[in-house]
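Letters go in sequence order (proteins before strands), and every chain restarts at 1.
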There are 2 protein chains.
Amino acid sequence: METENISSICKALGDPNRLKIVQMLSGCEKCACVILRAFDITQPTLSHHMKILCGSGLVNVRKDGKWSYYSLNCETLRDFQEFIGALDCEKNTGCADGKCDCR
Amino acid sequence: METENISSICKALGDPNRLKIVQMLSGCEKCACVILRAFDITQPTLSHHMKILCGSGLVNVRKDGKWSYYSLNCETLRDFQEFIGALDCEKNTGCADGKCDCR
DNA sequence: TCATTGCATAGATATCTGTCAATATATTTC
DNA sequence: GAAATATATTGACAGATATCTATGCAATGA
């Protein structure tokens with residue numbers, strides 16, 4: 001996955017409300033009306049946040065009648081998890097022969 | 001780790017330049033001057049980005065003479081990786097007995 | 001068909017953010 | 001001490017963002 005896409009996902013999760021929404025969607029598809037009740041924001045604001053989350057690719061929407069059901073996108077989430085999981089906090093493993101001349 | 005902290009890290013990584021900086025620091029401590037050369041931004045702008053990255057807790061700074069060496073903070077990174085890794089894209093595992101009434 | 005409901009869009013606005021030039025500070029070197 | 005170097009801070013500004021109210025639209029139900 002491109003750096004730009006990862007950055008876009010991070011940006012989406014950079015808003016506390018959106019991060020909490022993603023937490024709500026972890027392991028559970030939910031309709032907008034249920035999500036809305038969990039937050040102290042207006043319905044248009046939620047709609048705005050969901051649009052950004054969907055735009056990042058991290059969230060899917062499924063329309064059923066007048067309801068919109070949101071869930072996490074497996075492929076995007078896995079790519080994102082892989083990217084974050086690959087980050088290494090060691091200070092010189094990224095350098096050949098343990099000699100870190102990349103400073 | 002608190003949701004606010006995770007959100008703060010995501011916000012920091014939401015800027016493409018900052019995400020690339022973190023990628024550069026993965027497995028390798030680097031001084032600001034080296035990072036600067038890799039980007040098409042001015043020195044004050046880099047300083048600003050590094051301050052935000054450090055503020056999120058994801059990046060450490062070590063001063064040595066007139067140089068500043070940056071690296072990823074192991075504890076924060078692990079907490080962040082754990083949080084992201086725990087996200088689940090299944091649609092009803094978060095509900096008791098497989099009955100997802102949380103919609 | 002008409003009212004209700006769930007959600008999206010449009011427009012407005014206050015705040016936040018990324019960037020730069022100018023400047024300051026601290027360290028090293030001559 | 002003066003010059004050079006590495007980094008931080010300040011102030012300004014254009015553009016982005018989160019939020020709201022008002023409104024639109026499609027689906028449902030009486």
message: Suppose we screen for side chain to side chain donor-acceptor pair (under 3.5 Å). Which residues come up paired with D88(A), at least two apart in sequence or across chains?
response: T93(A)
field: Rounded distance (Å) that lies between atom P of dT5(D) and atom CG of L36(B)
entry: 15 Å
query: What does Y70(A) touch in the nucleic acid at a heavy-atom separation under 4.0 angstrom: a base, only the sugar-phosphate, or nothing?
result: sugar-phosphate
Polar pairs (N or O, both sides) under 3.5 Å between protein and nucleotides 19-23 of chain D?
from	atom 1	to	atom 2	distance (Å)
dT19(D)	OP1	N17(A)	ND2	3.3
dT19(D)	OP2	H49(A)	NE2	2.3
dC20(D)	OP2	T42(A)	N	3.1
dC20(D)	OP2	T42(A)	OG1	3.0
dC20(D)	OP2	T45(A)	OG1	2.7

All side chain to side chain contact (heavy atoms under 4.5 Å, CB included) counterparts of N17(A), not counting sequence neighbours: D15(A), F39(A), I41(A), H49(A)
task: Select base, sugar-phosphate, or nothing to describe what I52(B) touches, counting heavy atoms under 4.0 Å on all strands.
output: sugar-phosphate
message: For C54(B), give me all partners under disulfide (SG to SG under 2.5 Å), at least two apart in sequence or on another chain.
response: none
query: How would you list, by chain and number, every residue that makes a side chain to side chain contact (heavy atoms under 4.5 Å, CB included) with S7(B), sequence neighbours excluded?
result: P16(A), L19(A)
query: Touch check for S68(A), heavy atoms < 4.0 angstrom, all strands: base, sugar-phosphate only, or nothing?
result: sugar-phosphate
field: Contacts of type side chain to side chain contact (heavy atoms under 4.5 Å, CB included), residue S8(B), not counting sequence neighbours
entry: S56(B)
Range-with-range stems for DNA chain C, at least three Watson-Crick or G-U pairs under 3.5 Å: C:1-30 with D:1-30
- request: Write down the atom of L72(A), the atom of N60(A), and the distance for their closest heavy-atom approach.
  value: O-ND2, 4.3 Å
- request: Report the residue (W67(A) or R18(A)) whose heavy-atom-nearest nucleotide on DNA chain D is the more 5′ of the two.
  value: R18(A)
task: Examine F83(A) and L87(B) and state if one hydrophobic cluster contains both, with Ile, Leu, Val, Met, Phe, Trp and Tyr joined whenever side-chain heavy atoms are less than 4.5 Å apart.
output: yes
- prompt: Got a sec, which residues hit side chain to side chain donor-acceptor pair (under 3.5 Å) with S26(B), two or more places apart in sequence or on another chain?
  reply: none
query: Are any non-hydrogen side-chain atoms of M50(A) and I35(A) less than 4.5 angstrom apart?
result: yes
field: Side chain of K66(A) (C-beta onward), nearest among dT5(D), dA27(D), dA8(D)
entry: dA27(D)
statement: note: K63(A), atom NZ; dA26(D), atom C1'; distance rounded to Å ~ 10 Å
message: Taking side chain to side chain donor-acceptor pair (under 3.5 Å) as the definition, give me every residue that meets it alongside T3(B), ordered by chain and number, with sequence neighbours left out.
response: none
field: First and last nucleotide of DNA chain C, 5' to 3', lying under 4.0 Å from heavy atoms of chain B
entry: dT17(C) to dT28(C)
- prompt: For Q43(A), which residues count as a side chain to side chain contact (heavy atoms under 4.5 Å, CB included) partner, sequence neighbours excluded?
  reply: L36(A), S47(A)
